[in-house]
Amino acid sequence: MTATPFAPAIKPFSASSDDFVTYTTARHWIGGHWRDPISNTAVQDVINPRFGKVIAQVKMGAADDVDAAVQAGAAAARDWGQWPIRDRAHVLYRLRELMLKNLDELAWLLSHENGKVFGEAKAEVEKGIECVEYGCSLPNLAAGNQLEVSRGVACELAYVPLGVVAGVTPFNFPMMVPLWMLPQALVGGNSFVLKPSERVPLSTLRLAELLAQAGLPAGVFNMVQGGREVVEALCDHPDIKALGFVGSTKVAKAVYGRASANGMRALCLGGAKNHLIVVPDADLQVTAENIVASFTGCAGQRCMAASVLLAVGDVDHILAAVRDRAAKITVGKDLGPVTTAAARERINRYIDQAEKAGAKVTLDGRTSGAGANDAGGYWVGPTIIEGVTPEMAAAREEIFGPVLSVIRVPNLDKAIEIENASPYGNASSIYTSSGDLARRVIDRVEAGMCGVNIGVPVPREPFGFGGWNDSCFGHGNITGWDGYRFWTRQRKLTSKWALQRDQNWMS
Ligand code: NAD
């Protein structure tokens, strides 16, 4: 099975440093062509957060564009769904090679549109490649079960495509989060409509062309640019059979409600407020390094980032090492900007409020970010707030910046009580050298992804990514095997070819 050779229309991104470079306008990708919106004339700026300057523009779509993408998807899905699963997976093998070949270019583009530093951007693309590799393995995993359930009667299980499915993704992982969904959905035999974040629509322009170059037939992958209007049109479209969403809790909940009310299968991952518990026997170096990497990585804009540190008993030596290490981070070099001016104001507001409420800012990202802000861009340096109490907003709400709120607690029970009072349930980590203690903590915390001596406990492929409580609406994980099950439906076939006449009605 081969598709028509594809000639890329979008020029590769030219930057190979942080120096400011502009890029092409983001448009829809429908049926294998770049298209302007049908009726919506709205255009939004895409800002490079390092400079606060316009890198590109995005042409915003509407319901009519969603419908055009769904129609293209429906037409393509009929043939694509008939391809043998191995042939569908071969497209991903080729995508993997193309992504590796263009790794640096993809990483620079991602770094410029999102702001994360080049090393982080490269790691994101590599993590996306890992998701593609999982998709390559699906033909080996998706073999159904078959059993003779009575004499001469066999039951057999098959995973069947849904048809046209859709995904909506956030600003903080422009490449990896779409690739949480695409491999399983495509190898599962569906066509896909992606709505990337309007703040970072550029990396997926290149992804669309790489998929086409890899041999994905036109119309199997489509992309509609835009914001809320497009998302609501996706939720309401009668021909979309499943919707994956990743973003903030408020929107995840609304999207889940709307899509489900329309009878659509939905899995919507939301925000987070991750707690790390530190006890006195924790290894000093490993713990300090880990905690700092967790709350400052990607400028704290990760749903798995450390947000609250629950300091149990006398851990002053560890807190001192955390402060010391975080203070050595160079804003601009080790730590990128936050996404928008509004995000910077929000983060600074949380710090101000905590300070006013009596907490102590022992490392102040408002001042370390200030110098960088003079040159443009949206900067907040690493921030540690100590003496935080559970009632403060800094302890309860998702700040989504490089801020660590430290709450002192007398014992583990209190730490677990505070953690479990949070409505979120994404990640939780314990730092200790006692395996027994670690196990007792992990057994009691309300979080879907737990870590022992690790600050960002992301389950890597083939383990599925997904939180609990207000961090996830819908059933199951979005990656791994759950992802494949989400994007397919199961057909059970019961057949009898040895037509024995002596069997009863059940056989
Ligand atoms: P967001 O919720 O603002 O936007 C996510 C997507 O929803 C975007 O594509 C956006 O265009 C769309 N959208 C925004 N408002 C909408 C509305 N009112 N109705 C319908 N659609 C709407 O999130 P964001 O700021 O892009 O991303 C950051 C958030 O995502 C954080 O809360 C973070 O924790 C969360 N996140 C969660 C995970 C996870 O796996 N749980 C992963 C990454 C990010």
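Order of appearance sets the numbers: ligands from 1, and atoms from 1 within every ligand. Reckoned from all heavy atoms, side chains included, excluding hydrogens, waters and symmetry mates.
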| message | Using heavy-atom distances only, which candidate in R228, M60, K273 approaches atom 17 (C) of ligand 1 most closely? | response | R228

| request: Kindly identify the option in V168, L194, V246 whose heavy atom sits closest to atom 5 (C) of ligand 1. | output: V246

I need the contact type for [X] against ligand 1. Using non-hydrogen atoms and a strict under-4.0 Å cut-off, is it side chain, backbone, both or neither?
X    : result
Q301 : neither
F465 : side chain
R302 : neither
K250 : neither

| task | Report yes or no: does a heavy atom of N172 sit under 4.0 Å from some atom of ligand 1? | result | yes

| field | Test item: Y134 side-chain N/O and W481 main-chain N/O as donor-acceptor pair under 3.5 Å | value | yes

| query | Can you check whether C298's main-chain N or O pairs, donor with acceptor, with E120's side chain at less than 3.5 Å? | reply | yes

| said: Is the distance from the ring center of H112 to that of Y23 below 6.0 Å? | reply: no

| field | Closest non-hydrogen atom pair between S111 and D18, with its separation | value | OG-OD1, 4.4 Å

Provide the number and element of each atom of ligand 1 under 4.0 Å from a heavy atom of [X].
X    : result
R199 : 25 (O)
V251 : 2 (O), 13 (N), 15 (N), 16 (C), 17 (C), 19 (N), 20 (C), 21 (N), 22 (C)
W180 : 40 (O)
K195 : 8 (C), 9 (O), 10 (C), 11 (O)
T169 : 6 (C), 8 (C), 9 (O)

| query | Is the NZ or CZ atom of K116 positioned over F173's six-membered ring, under 6.0 angstrom from the centre and within 45° of the axis? | reply | yes

| Cation-pi geometry met for R344 and Y378 (6.0 Å, 45°) | no

| query | What orientation do F400 and F171 show, parallel under 30°, tilted 30 to 60°, or perpendicular over 60°? | reply | perpendicular

